[in-house]
2 protein chains.
Amino acid sequence: MTTTATAPAPSASGVYDAFDPNCPTRQLLDELSDKWVCLVLVALAAGPLRHGELRRRIRGVSQKMLTQTLRALERDGIVERTITPSVPVRVDYELTPLGQSLTSVVDAVKVWAEAHMDQVDAAREDYDTRA
Amino acid sequence: MTTTATAPAPSASGVYDAFDPNCPTRQLLDELSDKWVCLVLVALAAGPLRHGELRRRIRGVSQKMLTQTLRALERDGIVERTITPSVPVRVDYELTPLGQSLTSVVDAVKVWAEAHMDQVDAAREDYDTRA
DNA sequence: CAGAATCCAGGTGGATACTG
DNA sequence: CAGTATCCACCTGGATTCTG
């Protein structure tokens with residue numbers, strides 16, 4: 001054996017399956033299935049942004065959640081953090097190539113939500129009135 | 001005015017924007033950005049499944065979360081629930097056309113996670129050792 | 001401006017037991 | 001089998017305060 005000391009390998013081979021609760025992809029899927037992750041990535045799709053710019057773009061995120069989300073994404077190699085040691089420190093975040101591939105995927109979820117909101121609303125109304 | 005009694009319209013027009021914390025799509029995005037939603041939809045992509053079959057497929061879901069997830073999806077018009085009043089009641093769940101369009105989208109997230117797990121792992125190791 | 005640290009209310013979700 | 005109802009431990013995440 002070379003790697004995996006604690007993490008139980010997908011299935012001894014190289015096959016990952018998120019349906020398996022012990023597969024590491026299950027945890028990754030959970031991490032990516034997040035409102036903030038989606039919004040952060042989509043916001044960065046247009047280009048690098050500073051911490052404050054992101055907060056202004058994604059209205060409603062607390063500073064804590066934004067930092068937390070960015071840290072996790074940075075650790076996963078999805079986002080890159082660049083520090084410019086100027087007087088007030090300047091920190092920029094931008095998508096890595098890996099991050100760009102993920103962004104196009106999660107962006108679709110956001111787009112879907114915005115595109116089908118009306119249908120969903122109609123369905124809810126129908127469901128609720130039907131009791 | 002015709003509809004929207006309580007919900008604040010997107011922006012008086014028909015433009016939805018999940019970046020707006022008051023836009024209903026923000027809440028919808030949050031609802032869809034869920035591990036279980038993703039797994040349930042992908043599981044149903046292959047065809048209708050019963051409650052128990054879903055539980056067996058998505059190992060690790062508690063019965064409570066599965067029911068809760070299915071109810072929300074049903075209300076949103078994404079999943080359809082069919083009851084067959086046999087002796088032990090039979091309940092089948094299947095994707096609606098709306099649900100099918102969403103499934104192809106969230107499936108991509110699951111696929112991405114499974115396809116890039118190695119890269120993410122490598123990035124994490126690098127990040128952690130670099131301290 | 002970026003972010004680390006604390007405090008803590010409230011939501012999340014698992015386990016368990018019970019109904020039809 | 002499908003589903004509801006409770007109980008409750010744990011975690012999430014917002015607000016606040018403080019540092020470089």
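What you see below is based on every heavy atom in this structure, not just the backbone, and it leaves out hydrogens, waters and symmetry mates. Predicted model only: the values in this text are computed from it and were never measured. Lettering of chains follows the sequences in order, A, B, ..., and the numbering in each one begins at 1.
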Problem set entry | Contact nearer the 5' end of DNA chain D, comparing A:V61 with A:V89 | A:V61

For this session: Take the protein atom CZ of B:R50 and the nucleotide atom P of D:dG3, then report the distance between them rounded to whole Å.
Result: 10 Å

Exercise. If you measure from the Lys or Arg side-chain nitrogens to the Asp or Glu carboxylate oxygens, is any gap between B:R57 and B:E53 under 4.0 Å?
Worked result: no

Exercise. Hey, which of these two, A:G52 or B:P88, hits DNA chain C nearer its 5' end, going by closest nucleotide?
Worked result: A:G52

Exercise. Which value, rounded to the nearest 0.5 Å, describes the distance between A:Y93 atom OH and A:T69 atom OG1?
Worked result: 10.5 Å

For this session: Please state how far atom OH in A:Y93 lies from atom P in C:dA2, giving the value in whole angstrom units.
Result: 8 Å

For this session: Flag the pair B:E114 / A:D17 as yes when at least one side-chain heavy-atom distance between them is below 4.5 Å, and no otherwise.
Result: yes

Exercise. If you group Ile, Leu, Val, Met, Phe, Trp and Tyr by side-chain heavy-atom gaps below 4.5 Å, do A:Y127 and A:M117 land in one group?
Worked result: no

Problem set entry | CG-CG distance between B:D30 and A:D34, expressed to the nearest 0.5 angstrom | 7.5 Å

Exercise. Quick one: do B:R124 and B:D128 make a salt bridge, cutoff under 4.0 Å?
Worked result: no

Exercise. A:R81 near the nucleic acid: base, sugar-phosphate alone, or nothing, with a heavy-atom cut-off under 4.0 Å?
Worked result: sugar-phosphate

Exercise. Taking CG from A:L70 and P from D:dG13, how many angstroms apart are they, rounded to a whole number?
Worked result: 14 Å

Exercise. Should A:F19 and B:M65 be counted in the same cluster of Ile, Leu, Val, Met, Phe, Trp and Tyr side chains packed under 4.5 Å apart?
Worked result: yes

Exercise. Just how far, in rounded Å, is C1' of C:dA4 from CZ of A:R71?
Worked result: 9 Å

Problem set entry | Atom pair distance, as rounded to whole Å: CD in A:E74 and C1' in C:dG3 | 13 Å

Exercise. Considering only C:dA2, D:dT4, D:dA2, which nucleotide approaches the side chain of B:V91 most closely?
Worked result: D:dA2

Exercise. Does anything in residues 28-49 of chain A reach DNA chain D, meaning a heavy atom under 4.0 Å, and if so which residues?
Worked result: A:W36

Problem set entry | Within-4.5 Å side-chain heavy-atom neighbours: A:L98 and B:H116 | yes

Exercise. With the 4.5 Å side-chain cut-off for hydrophobic clustering, are A:V91 and A:I58 part of the same group?
Worked result: yes

For this session: Kindly state which residues belonging to residues 62-69 of chain B come within less than 4.0 angstrom of DNA chain D, counting heavy atoms of the residue only, listed by number.
Result: B:Q63, B:T67

